[in-house]
Amino acid sequence: MERLEKIEYRPAGNAALRAAFSATIPVLTGYIPLGMAYGFLMASAGYGPLWALGMSVLVFAGSLEYMAVTLLTSAFAPLQAFLAAVMINARHIFYGLSLLDKYHGLGRVRPFLISGLTDETFSLVSTLEPPAGVSRGDFYFWITLLDYIYWLAGSFLGAALGSLLDINTQGMDFVLTALFVVLFMEQWKAKERRAAGLAGLACMAAGILVFGPENSLIPAMALILAVLLGGRKWLCV
């Protein structure tokens, strides 16, 4: 009986993997070059492929990893690093809350789904349903794992090439900013989301005006978080 159960489970697992891979192809095409850009920056800062891979394995937060390159090469400021990490990834609070129903009852894979949540994974999981014959747990697990692997591969490959080749990384740290600009433009197409977008822009502008460009990130993120929490009934639709 045990042997038969294993044989029956395999096709379902393969179907989930195939469906997840098809869904994550756009993420693959984005994560590989973005991960490589991060790897190039790590190599230019004097950190080898294993350092870049280790950071991606343990942190797995693209925007924070890009910022970590600067933090690693500047004066040691643990409080600033902690606050930056919290504020930059505060958006995951809203992601997580909106996925409570989808991730309910998924058992052992649930902790991995939570820790592996990224902007791109959220966009897939929140909009896609598993195909017929594929369980929710398997489908969401493979989406999350594949996205994780894509980023690790890009990070390692970029750091490996960066340590071997003399690559000009000037302006490369803007890659992730450009990605978020594109994501913002996509969200802007939906009229019901424009109020939240304008609120975010206003908070960032206020942070720059009050604290200056170099010190605006944390205050602006804190203001954005406060505005979203206070006005979630009107902004988060």
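Along the sequence shown, residues carry numbers from 1.
- There is no path of hydrophobic side-chain contacts, each under 4.5 Å, that joins Leu223 to Leu209.
- Counting only distance, with no hydrogens or angles, the side chain of Ser22 and the backbone of Arg18 share no donor-acceptor pair below 3.5 Å.
- When all heavy atoms are compared, the tightest approach of Thr127 to Ser123 is OG1-O, 2.6 Å.
- Nearest heavy atom pair, residue Leu124 against residue Ala23, reads CD2-O, 3.6 Å.
- Residue pairs meeting the salt bridge (charged side-chain N to carboxylate O under 4.0 Å, His left out) criterion with at least one member in residues 92-102, sequence neighbours excluded, are Lys102-Glu129.
- In terms of modelled atom types and a separation under 3.5 Å, the side chain of Arg136 and the main chain of Gly105 share no donor-acceptor contact.
- The minimum heavy-atom distance between Pro219 and Phe211, with the atom names listed, is CB-CE1, 3.4 Å.
- When the ring pair (Phe, Tyr, Trp, His ring centres under 6.0 Å) test is applied to Phe141, the partners found at least two apart in sequence or on another chain are Phe112.
- Between Leu146 and Leu17 there is a side-chain heavy-atom pair separated by less than 4.5 Å.
- The two residues Gly158 and Phe40 come nearest to each other via the heavy atoms O-CD2, 3.0 Å.
- At least one donor-acceptor pair under 3.5 Å links the side chain of Ser56 to the backbone N or O of Ala52.
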Pair Trp142-Phe21, side chain to side chain contact (heavy atoms under 4.5 Å, CB included): steps then yes or no: CA-CA 8 Å; Trp142 281 114; Phe21 177 72; over 6 Å; no
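- At a cut-off of 3.5 Å, with distance as the only test, a side-chain donor of Tyr31 or Thr118 sits close to an acceptor on the other residue.
- Both Leu50 and Leu157 belong to a single network of hydrophobic side chains, linked directly or stepwise wherever heavy atoms of I, L, V, M, F, W or Y lie under 4.5 Å apart.
- Judged by distance alone, with hydrogens and angles left aside, the side-chain atoms of Asp138 form no donor-acceptor pair with the main-chain N or O of Val134 at under 3.5 Å.
- For Tyr150, the side chain to side chain donor-acceptor pair (under 3.5 Å) partners two or more places apart in sequence, or in a different chain, are Thr24.
- The minimum heavy-atom distance linking Leu99 with Phe122 is given by the pair CD1-CD1, 3.8 Å.
- Here the side chains of Leu152 and Leu53 are in contact, with some heavy-atom distance below 4.5 Å.
- In this structure, the side chains of Phe139 and Pro131 come closer than 4.5 Å at one or more pairs of heavy atoms.
- Heavy atoms only, all atoms of each residue included: Ala153 and Ile32 are closest at CB-CD1, 4.2 Å.
- Under a 3.5 Å cut-off, the side chain of Tyr148 and the backbone N or O of Val57 do form a donor-acceptor pair.
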